[in-house]
Protein chains: 2
Amino acid sequence: MSGRREEILDAALAIADEHGIGKVSMRALAERVGVTPMALYRHVSDKAELLDGMVGRLLAGLLPPDAGKGRAWHERLAALGYAVRGMARRHPWAAQLLFSRPAVTPDAVRVVDLIYTALVEAGVPDREVPRLERLISTFVIGFAASEASGRFGTGSLDPRGRRGRLPEGELPGHGRLAPWLDLPWDLDTEFEADLDDLLRLIKAVAGGRD
Amino acid sequence: MSGRREEILDAALAIADEHGIGKVSMRALAERVGVTPMALYRHVSDKAELLDGMVGRLLAGLLPPDAGKGRAWHERLAALGYAVRGMARRHPWAAQLLFSRPAVTPDAVRVVDLIYTALVEAGVPDREVPRLERLISTFVIGFAASEASGRFGTGSLDPRGRRGRLPEGELPGHGRLAPWLDLPWDLDTEFEADLDDLLRLIKAVAGGRD
DNA sequence: ACCTGAACACCGTTCAAGT
DNA sequence: ACCTGAACACCGTTCAAGT
């Protein structure tokens, strides 16, 4: 509709990408658009609605143009997973926001529908499909948010520091796994292995019951 | 150490539980403690450090006093999962914060160690244990955060509203699953089923390779 | 050691007024 | 229809000063 609203969302995305979501204020945004803060409220009802609009923009870019036609269900699911993670890496501020609101915009519903149809095609019983969709999307968004926020740490340094803080013997697990915890690890291959495991889980639900 | 710091954290938790995390400001906190805002900086270096301290408090209450001695690995994992979800239900503001910082406090490391030892006992190959720990904790925290923030919607009303927004035929998945989407659903049994599926996944990794 | 007062550089949002 | 100015009720944090 209004080209002004799109211009405002463009500017908000630019600020978030350049300086972090914390710098996206109505005042800073207004200055970037070249207008008074109050003028924004003509095109956006709220700051919350502004953030929703920003997330909506990213969701719109998530779907493959052909919806993955001609590819197997597990390829379509994996592609979507990689797309979400890639989006979170390009826009680290976005992952946290995905947790805050239900998927009600048209683009978000389309993404959910893509997962539904893939799960149905995989042979998951109809009544289990919505639950598995939430399981998968929760994990994928959670992984993206963890990565973006630094919850996964940086690798080799962290575990070493952790073991140092508590007395030996109080952390038997860390002690036994020490050789693996000291190794640098790669989130790309980890995410790949996680998606593999989730596909296996889907197949188990598809084949194991009903 | 300083009893003053504990008093400050108590007050911050009380404000967050009563009025939401958004009302936890240095100024409001100071007033509740009965002191000037600046006095807080003697006991807390930062607002970020204050939030870390609040999360630390909750993590300390998460571990079973006996570390689950005498119970099977899958019982210990499930108990921890329910504990995390319960915590997020009592303190809805906390789940989002768990995503923001790596688990480096002593209590957080103890929780990670509990999962490590359970996975080792389950027969998961050592080198896969850290990855599976991250997979499980990411899902559990993600579920808790989704529930606390309303990402999962409220049930019956939401899917009906969703389908209405897009033309028929554009959402084949929603169309097929309509009977299940209109049903009210229960997050308690959903979380139980999810944990079951994750335990199955763990067993598959434990038995299937290496 | 512990706390205060005043100040700086910010917020989101309302409301009446301008063109 | 669209934008502005001034104002209200807030923020986190620094810094010099008090006891």
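In this text the structure is predicted, and so the values were computed from the model without any measurement. By convention in this document, chain letters (A, B, ...) are assigned in the order of the sequence lines, proteins followed by strands, and residues within each chain are numbered from 1.
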| said: Any carboxylate oxygen within less than 4.0 angstrom of a Lys/Arg side-chain nitrogen, looking at A:Glu147 and B:Arg134? | reply: no
| Is any side-chain N of the basic residue among A:Asp10 and A:Arg32 closer than 4.0 Å to the acidic one's carboxylate O? | no
To the nearest Å, how far apart are [X] [atom1] and [N] [atom2]?
| X | N | atom1 | atom2 | result |
| --- | --- | --- | --- | --- |
| A:Lys23 | C:dC11 | NZ | P | 8 Å |
| A:Glu31 | D:dG5 | CD | P | 14 Å |
| B:Met38 | C:dT4 | CE | P | 10 Å |
| B:Arg5 | C:dC3 | CZ | C1' | 18 Å |
| B:Leu29 | D:dC10 | CG | C1' | 16 Å |
| B:Ile15 | D:dC10 | CD1 | P | 14 Å |
| B:Arg42 | C:dA1 | CZ | P | 10 Å |

| Which one is paired to C:dG5, where only Watson-Crick or G-U wobble pairs with both distances under 3.5 angstrom count? | D:dC15
| message | Do B:Pro106 and A:Glu170 have side chains that approach each other closer than 4.5 Å (heavy atoms only, starting at C-beta)? | response | no
| query | When we call it a touch if two heavy atoms are under 4.0 Å apart, what does A:Met26 touch: a base, just sugar-phosphate, or nothing? | reply | sugar-phosphate
Is the phosphate of [N] approached by [X] (side-chain N or O, under 4.0 Å from OP1 or OP2)?
| X | N | value |
| --- | --- | --- |
| A:Ser25 | C:dC11 | yes |
| A:Tyr41 | C:dT13 | yes |
| A:Arg4 | D:dA1 | no |
| A:His43 | D:dC2 | no |

| request: Look at the side chain of A:Arg27 and decide which nucleotide, out of D:dT13, D:dC3, D:dA7, has an atom nearest to it. | output: D:dA7
| note | Out of D:dT4, D:dG12, C:dC11, minimum distance to the side chain of B:Lys47 belongs to D:dG12
| query | Which atom names give the shortest non-hydrogen contact between A:Ala11 and A:Leu29, and what distance separates them? | reply | CB-CD1, 3.7 Å
| query | In terms of the angle between their ring planes, are A:Phe152 and A:Trp185 parallel, tilted or perpendicular, with boundaries placed at 30° and 60°? | reply | perpendicular
